[in-house]
J.: 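My structure is below; once you've seen it, I'll send some questions.
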Amino acid sequence: MDLRYVRYALAIARAGSLRRAAAALRIAQPTLSEQLRALEKEVGAELFTRSSTGVQLTAEGEAFLAQATAAVDAFERAVAAAREAGGTTAARLGVADGLADVAARLLAPLRDVRLRLAPMGTAEQIVSIADGALQAGLGYAPGSLPRGVARMLLRRCPVRALLPRGHHLADQEALSLADLAAEPLVMPESDAVAGSRRFLEGFVRHGLHPRLGPSAATHDLAITMVRSGAGYALSVREETTVPADLAFLPIKEEVPPLEVVFLWNRQADIAELVGGARQLARSGWQNTG
């Protein structure tokens, strides 16, 4: 049995839907569905019930994943032991879409830390950190966390609208949600979209219904689509370098910020990396923007 499929099943269980799990895993939803069917065929039982609102574990699925989690954990520990015996152990840091600059800030002062970076959505990071396959990660604020996974807030990013400088709203000092509601909102399909969904709460609280525009496969593609005139974006942090013909404008109303977090396994031997994250959280970077 391919352990990757087991990890996919764990990610689906955490996310509660195939769509959200596919976005977190950065794979196409039809591909994820096909791999889940292959796993269910091999197991000989349906692991999830599907509905229009998401998925739920069946009794067979709960029993399978309870044992499969232990098996994955044992496998990863065996791999870690082999690498340690060979002197090749290196911590793995997951990095969510749109947070490459944060990874650079974190790692710049850590010259002697042996580390491998792994592009990975926040949901998958949590699963991998919990089962020991990943020691730490940079992601977007999740909800609840499994036991053994810790989190540290690195940055609360105030919401800004990213739009072309030639846009008819770009000459204003600040934009209202009513202004933006009539414009197409470009949202990335990566887990940066979790932040965008929180932003939508701001519209709803004011009785507005935002106009959703085309989605973008990645954070960088969202910037490209805004530049091409496809709409505006809310999920791009103001620290992100963007082309000179794009502009960030503040929002007049209070909108929930996008929270960037450092996640880690409490049992992992990564004290220097955790210390670096703590230093980054305490630095002036946390208060800029």
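Bear in mind that the values here come from a model prediction, so they are computed numbers and not experimental data.
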J.: Is Glu253 paired with Arg205 through a side-chain N to carboxylate O contact shorter than 4.0 Å?
T.: no

J.: Supply the atom-to-atom distance Leu234 CG to Leu180 CG, rounded to the nearest 0.5 angstrom.
T.: 6.5 Å

J.: Where do Pro243 and Ile223 come nearest, in terms of heavy atoms and distance?
T.: CD-CG2, 3.9 Å

J.: Would a 4.5 Å heavy-atom cut-off, applied to side chains only, mark Ile27 and Gln35 as touching?
T.: yes

J.: Could you walk me through whether Leu106 and Leu93 satisfy the side-chain contact (heavy atoms from CB on, under 4.5 Å) test, starting with their C-alpha distance in whole Å, then the side-chain angles of each, then the deciding distance to 0.1 Å, before giving a yes or no?
T.: CA-CA 11 Å; Leu106 171 63; Leu93 176 71; 4.2 Å; yes

J.: Using every non-hydrogen atom in the two residues, find where Tyr140 and Ala96 come nearest and quote the distance to one decimal.
T.: CE1-CB, 3.8 Å

J.: Please give me the minimum heavy-atom distance between Arg155 and Cys157, naming the atom from each residue.
T.: CG-SG, 3.4 Å

J.: So do Leu273 and Trp264 actually touch side chain to side chain, heavy atoms under 4.5 Å?
T.: no

J.: Could you state the interatomic distance from CD (Glu272) to CD (Gln279), rounded to the nearest 0.5 Å?
T.: 12.5 Å

J.: Any donor-acceptor pair under 3.5 Å linking the side chain of Asp97 with the backbone of His219?
T.: yes

J.: For the backbone of Ala15 and the side chain of Arg20, can you confirm whether one donor and one acceptor N or O come within less than 3.5 Å of each other?
T.: yes

J.: Please say whether more than 12 non-hydrogen atoms of neighbouring residues, nucleotides or ligands are located less than 6.0 Å from CD in Gln56.
T.: no

J.: Provide the closest heavy-atom pair for Gly231 versus Pro164 in the form atom of the first, atom of the second, distance.
T.: O-CD, 4.3 Å

J.: Is there a side-chain contact (heavy atoms from CB on, under 4.5 Å) between Val102 and Arg237 once you walk through the steps?
T.: CA-CA 11 Å; Val102 182; Arg237 294 177 299 108; 3.7 Å; yes

J.: Apply the side-chain contact (heavy atoms from CB on, under 4.5 Å) test between Ser128 and each candidate in Leu10, Val149, Leu134; give the one that qualifies.
T.: Leu134

J.: For Leu169, is there any backbone N or O sitting under 3.5 Å from a side-chain donor or acceptor partner on His167?
T.: yes

J.: Going only through I, L, V, M, F, W and Y residues with side-chain contacts under 4.5 Å, is there a path from Tyr232 to Val204?
T.: no

J.: Is atom NE2 of His209 surrounded by more than 12 heavy atoms (other residues, nucleotides or ligands) closer than 6.0 Å?
T.: no

J.: Other residues, nucleotides and ligands only: do more than 12 of their heavy atoms fall within 6.0 Å of CG on Asp269?
T.: no

J.: Using modelled atom types and a 3.5 Å cut-off, is there a donor and acceptor pairing between side-chain atoms of Glu60 and backbone atoms of Leu47?
T.: no

J.: Would you mind reporting whether Asp101 and Thr241 have side-chain heavy atoms less than 4.5 Å apart?
T.: no

J.: Nearest heavy-atom pair of Leu65 and Ala9: which atoms, and what distance?
T.: CD2-CB, 3.9 Å

J.: Could you measure the distance from the CZ atom of Arg227 to the CG atom of Leu163? Nearest 0.5 Å is fine.
T.: 14.0 Å

J.: Would you say Leu117 and Leu107 make side-chain contact, with heavy atoms under 4.5 Å?
T.: yes

J.: Under the criterion side-chain contact (heavy atoms from CB on, under 4.5 Å), I'd like the reasoning laid out for Arg50 against Leu36: C-alpha separation, chi angles, the key distance, then a yes or no.
T.: CA-CA 12 Å; Arg50 286 80 159 170; Leu36 175 59; 3.2 Å; yes

J.: Without swapping roles, check the side chain of Asn265 against the backbone of Ile129 for a donor-acceptor pair under 3.5 Å.
T.: yes

J.: I'd like to check Arg160 versus Leu162 (side-chain heavy atoms, cut-off strictly below 4.5 Å). Are they in contact?
T.: no

J.: Hey, is the main chain of Gly148 close enough, under 3.5 Å, to the side chain of Arg266 for a donor-acceptor pair?
T.: no

J.: Distance check, rounded to the nearest 0.5 Å: Leu154 atom CG versus Arg105 atom CZ?
T.: 11.0 Å

J.: Please report the interatomic distance CG(Leu249) to CD(Gln172), rounded to the nearest 0.5 Å.
T.: 8.0 Å

J.: Once you round to the nearest 0.5 Å, how far does CG of Asp179 lie from CG of Leu177?
T.: 8.5 Å

J.: Report yes or no: does Arg165 contribute a side-chain atom to a donor-acceptor pair with the main-chain N or O of Ala244 at less than 3.5 Å?
T.: yes

J.: Counting C-beta onward and ignoring hydrogens, is there a side-chain heavy-atom pair between Val159 and Leu258 closer than 4.5 Å?
T.: no

J.: Verify, without hydrogens or angle tests, whether Arg92 (side chain) and Ala133 (backbone) share a donor-acceptor contact under 3.5 angstrom.
T.: yes

J.: Check step by step if side-chain contact (heavy atoms from CB on, under 4.5 Å) holds for Leu57 and Phe64.
T.: CA-CA 10 Å; Leu57 280 168; Phe64 172 77; over 6 Å; no

J.: Looking only at non-hydrogen atoms, find the nearest pair between Ala178 and Leu208 and report the distance.
T.: N-CD1, 3.6 Å

